[in-house]
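Below: one structure, written as structure tokens.
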Amino acid sequence: MECRLCPRKCGADRENGNIGVCGVAGLKIARAGLHFGEEPCISGKRGSGTIFFSGCSLKCIFCQNTPISREGFGKEITTDRLCEIILQLQDKGAHNINLVTPTHFSDKIGEALKRVKSRLYIPVVYNCGGYEDIDSLKSLSGLVDIYLPDFKYHSGELAKKYSGAENYPEIVKKAIYEMFFQVGRPTFDNEGMMTKGVIIRHMILPGCRHDSMAVLDDIREIFSPDDILISLLRQYTPCYKALQIKELSRRLTTFEYNSVTDYAASLGFNGFTQQKESATLEMTPKWDLSGV
Ligand code: SF4
């Protein structure tokens with residue numbers, strides 16, 4: 001069967017072992033465990049039960065997770081094993097199940113979530129790049145509680161240059177609208193942990209603060225500030241192919257970051273900002289198949 005799970009719609013016959021543009025055929029993960037690097041309402045005190053999927057349908061030249069996103073690191077597992085991992089993370093005390101880079105496995109994930117639904121009492125977080133197929137998202141309706149998409153670019157030119165996806169801006173806008181349609185405005189439990197809603201993440205890139213502001217304008221055109229939360233990331237660290245590109249080979253300046261956070265506040269958005277110290281690769285998990 002031809003795969004059309006993501007906007008690439010490359011048609012790879014993954015069931016028969018053919019690898020798609022996303023770099024994988026079968027269900028593959030690199031790590032599963034409690035993770036503390038997300039927004040406070042996701043990580044909490046006990047950690048987010050995070051499952052890192054191998055492969056990616058975007059081709060970001062600054063990716064910090066290259067071993068799993070581009071080089072195929074990970075172990076193939078069955079959908080049964082994915083169900084076990086989800087329930088094991090819940091047993092370990094995770095605040096939620098956090099599916100990282102899930103897009104190209106949305107069919108298998110949907111199947112697993114349906115199977116564990118009656119035993120799962122913590123929220124499911126869909127932590128994705130925002131480059132999503134609407135039908136794949138619709139298939140997850142009622143199974144995902146919190147959407148945590150990136151909104152990376154306003155400009156198609158930048159999206160093409162840095163992530164190999166010129167149509168990213170038009171795709172992400174439709175995708176986040178569908179996400180909001182499914183889960184609604186943010187809700188929290190009495191510990192301040194998120195139970196439903198959408199957090200839109202945006203990482204500001206060096207030299208791109210005007211594009212970041214245009215991203216915020218795009219979001220404001222679709223949503224009122226109470227509809228969603230915004231998480232503005234300053235963690236950009238030059239790595240991978242970005243090291244060879246002059247404009248991407250430096251960190252973000254405080255001026256660049258503050259100008260974007262100030263602009264978000266002027267539009268009335270609420271959400272999360274990051275400390276300067278977060279611009280390090282130390283937060284990147286070890287890819288060691290733990291929990292797999
Ligand atoms: S999920 Fe992978 S195989 Fe399927 S359409 Fe997208 S890139 Fe191609």
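For ligands, and for the atoms within them, numbers begin at 1 and follow the listed sequence. Only heavy atoms go into these numbers, but all of them, side chains included; no hydrogens, no water, no symmetry mates.
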- Note on the structure: atom 6 (Fe) of ligand 1 sits nearest the protein heavy atom Cys6 SG, 2.3 Å
- Item | Positive for ring-ring contact (aromatic ring centres under 6.0 Å, His included) with Tyr147, one of Tyr126, Phe181, Phe180 | Tyr126
- Query: Are Asp288 and Lys286 close enough for a salt bridge, meaning some N to O gap below 4.0 Å?
  - Reply: no
- Item | Name of the residue among Arg234, Arg250, Arg251 meeting salt bridge (charged side-chain N to carboxylate O under 4.0 Å, His left out) with Glu256 | Arg250
- Query: Hey, would you say the Phe52 and His35 ring centroids sit under 6.0 Å apart?
  - Reply: yes
- Message: Once you restrict to heavy atoms under 4.0 Å, what part of Arg14 touches ligand 1? Side chain, backbone, both or neither.
- Response: side chain
- Item | Closest approach of any protein heavy atom to atom 4 (Fe) of ligand 1, naming residue and atom | Cys3 SG, 2.2 Å
- Message: Can you name the atoms of ligand 1, numbered from 1 with element, that are less than 4.0 Å from a heavy atom of Gly20?
- Response: 3 (S)
- Message: Using a distance threshold of 2.8 Å, state whether an N, O or S atom of Cys10 lies below it from atom 8 (Fe) of ligand 1.
- Response: yes
- Message: What protein heavy atom lies closest to atom 7 (S) of ligand 1? Include the residue and the distance to one decimal.
- Response: Cys22 N, 3.3 Å
- Message: Quick check on side chain to side chain donor-acceptor pair (under 3.5 Å): which of Arg8, Arg4, Lys9 does Asp133 satisfy it with?
- Response: Lys9
- Message: Between Lys59 (side chain only) and Cys56 (backbone N and O only), is there a donor and an acceptor less than 3.5 Å apart?
- Response: yes
- Please could you name the atoms of ligand 1 that His104 approaches to less than 4.0 Å, counting only its heavy atoms? 1 (S)
